[in-house]
Amino acid sequence: ILKSMCGRFELKTRFEKLPKVLKLNYPRGLDSKYETQNLIRPTDPVLVIKNEGKIKTTFMTWGFISPWTKDPFDKKIPRPFNARSETVEEKKLFSGSWKHKRCLIPASGFFEKKYRIRMENYETFWLGGIWSKWTATDGAELESCCVLTTEPNELIKPFHNRMPVIVPNGYEEQWTEQVKDTDELKGLLPIMLGWSPDGWIVEDVERKENEQLSLF
């Protein structure tokens with residue numbers, strides 16, 4: 001069985017270099033507490049932009065928690081960290097989020113086995129995702145998200161049979177806004193069909209680290 005796609009990514013972008021849209025409306029103190037991350041795994045808190053009337057930056061748990069689950073901390077209940085974009089509309093677990101709760105997760109690279117996939121110019125890019133809000137009986141809220149995946153392009157195909165949906169810059173509003181009708185949702189489908197490998201590279205992380213070690 002092939003391991004699920006995109007289970008590791010990184011955000012090595014300094015705060016001042018993060019996309020402007022992420023700094024419109026962010027949690028208090030984020031600018032001083034923000035740290036770059038070399039490895040982000042499922043169940044880690046991730047930086048996300050969501051839109052409930054306006055774009056807002058927040059933290060969510062990576063691993064989708066169903067809004068109707070009784071106990072979000074029950075280890076036996078799977079928390080998917082990926083969702084297939086082809087079926088996201090039909091799956092009961094994801095369909096509500098696909099309609100009303102799409103999010104974007106900033107990354108500077110993602111990992112497949114021992115390879116890092118990043119942009120040649122080190123630009124930060126958006127992983128396309130969906131999110132969910134679980135509310136406890138006492139009103140406490142827990143927000144969680146997962147990354148959408150699609151068919152691989154020529155660059156990724158040698159390493160995996162899936163790749164993350166990457167939403168181009170400039171589509172932040174369109175992707176995250178709470179959509180009113182199915183036509184507007186259909187307008188997002190081309191974004192999910194995949195992205196061009198132009199301007200992207202794959203690096204062998206282990207080899208690179210070994211080469212760096214042998215320089216000392």
Side-chain angles (χ1 to χ4, degrees), residues 1-13 22 26-27 30 33-52 56-113 116-117 124-150 152 156 159-167 175-176 178 188 192:
I1 297 167
L2 275 162
K3 226 172 76 227
S4 188
M5 171 71 213
C6 191
R8 304 274 184 276
F9 68 96
E10 60 177 30
L11 181 58
K12 289 163 87 167
T13 316
L22 204 135
Y26 58 81
L30 177 67
K33 291 194 196 92
Y34 174 82
E35 285 178 3
T36 58
Q37 290 167 288
N38 292 340
L39 191 59
I40 300 167
R41 298 182 174 91
T43 74
D44 284 352
V46 289
L47 200 57
V48 172
I49 62 169
K50 64 172 185 173
N51 189 339
E52 294 173 285
K56 184 179 174 190
T57 299
T58 186
F59 281 97
M60 294 185 186
T61 301
W62 185 19
F64 195 90
I65 297 164
S66 157
W68 53 83
T69 189
K70 295 220 171 15
D71 177 8
F73 305 105
D74 184 346
K75 293 269 191 287
K76 292 190 288 294
I77 299 170
R79 292 184 182 186
F81 54 88
N82 289 155
R84 292 175 73 92
S85 58
E86 296 88 343
T87 55
V88 72
E89 206 169 355
E90 301 126 45
K91 280 231 167 121
K92 183 176 176 235
L93 179 60
F94 300 131
S95 63
S97 290
W98 168 243
K99 289 190 189 88
H100 309 293
K101 290 185 167 67
R102 286 168 312 286
C103 62
L104 292 172
I105 304 157
S108 56
F110 64 91
F111 298 95
E112 279 316 318
K113 305 184 181 75
R116 176 197 290 121
I117 296 97
T124 310
F125 53 88
W126 297 115
L127 297 170
I130 53 174
W131 67 280
S132 156
K133 184 185 288 184
W134 179 85
T135 310
T137 45
D138 67 0
E141 290 177 346
L142 181 61
E143 293 181 349
S144 62
C145 63
C146 67
V147 173
L148 294 172
T149 65
T150 187
I156 310 298
F159 308 102
H160 210 284
N161 63 343
R162 304 291 293 165
M163 69 179 188
V165 166
I166 289 178
V167 175
W175 179 268
T176 59
Q178 294 169 300
L188 299 176
M192 298 210 296

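- R79 places a side-chain N or O within 3.5 Å of a backbone atom of P72 that can act as its donor or acceptor partner.
- Formation of a donor-acceptor pair under 3.5 Å by the D44 side chain with backbone atoms of R41 is found in this model.
- The pair E86-R162 meets the salt-bridge criterion, with a side-chain N (NZ, NE, NH1 or NH2) lying under 4.0 Å from an Asp/Glu carboxylate O.
- Classification of E52 and K133 as a salt-bridged pair holds, one side-chain N sitting under 4.0 Å from a carboxylate O.
- Between the CZ atom in F110 and the CD1 atom in I166 there is a gap of 5.0 Å [rounded to 0.5 Å].
- Using a 4.5 Å heavy-atom cutoff, the side chains of T150 and M163 are in contact.
- Atom CG in L47 sits 5.0 Å away from atom CG in L22 (nearest 0.5 Å).
- Evaluated for a side chain to side chain contact (heavy atoms under 4.5 Å, CB included) with P164, the options L148, N82, L127 yield exactly one hit, L127.
- In this structure, K92 is positioned above the aromatic face of W68, its NZ or CZ under 6.0 Å from the six-membered ring centre and within 45° of the axis.
- In this structure, CG in N161 is found 9.0 Å from OG1 in T149, a value given to the nearest 0.5 Å.
- Shown here for T36 and T13, the closest heavy-atom pair between the two residues is CG2-O, 3.4 Å.
- Between the side chain of T135 and the backbone N or O of E141 there is no donor-acceptor pair closer than 3.5 Å.
- Atom-to-atom distance recorded for C103:SG and M60:CE is 5.5 Å, nearest 0.5 angstrom.
- Here F159 contributes atom CZ and K113 contributes atom NZ; the two are 8.5 Å apart, rounded to the nearest 0.5 Å.
- Smallest separation of non-hydrogen atoms from P80 and C146: O-CB, 3.4 Å.
- Checked by atom type, the side-chain pair S108/T124 shows no donor-acceptor distance below 3.5 Å.
- The existence of a salt bridge linking R8 and E112 is excluded, since no basic side-chain nitrogen approaches an acidic carboxylate oxygen closer than 4.0 Å.
- Between atom CD1 of residue I130 and atom OG1 of residue T176 there is a gap of 14.5 Å, rounded to the nearest 0.5 Å.
- Under the 6.0 Å cut-off for aromatic ring centres, W134 and F64 do not qualify, their centroids lying 6.0 Å or more apart.
- The pair K99-E89 does not meet the salt-bridge criterion, since no charged nitrogen lies less than 4.0 angstrom from a carboxylate oxygen.
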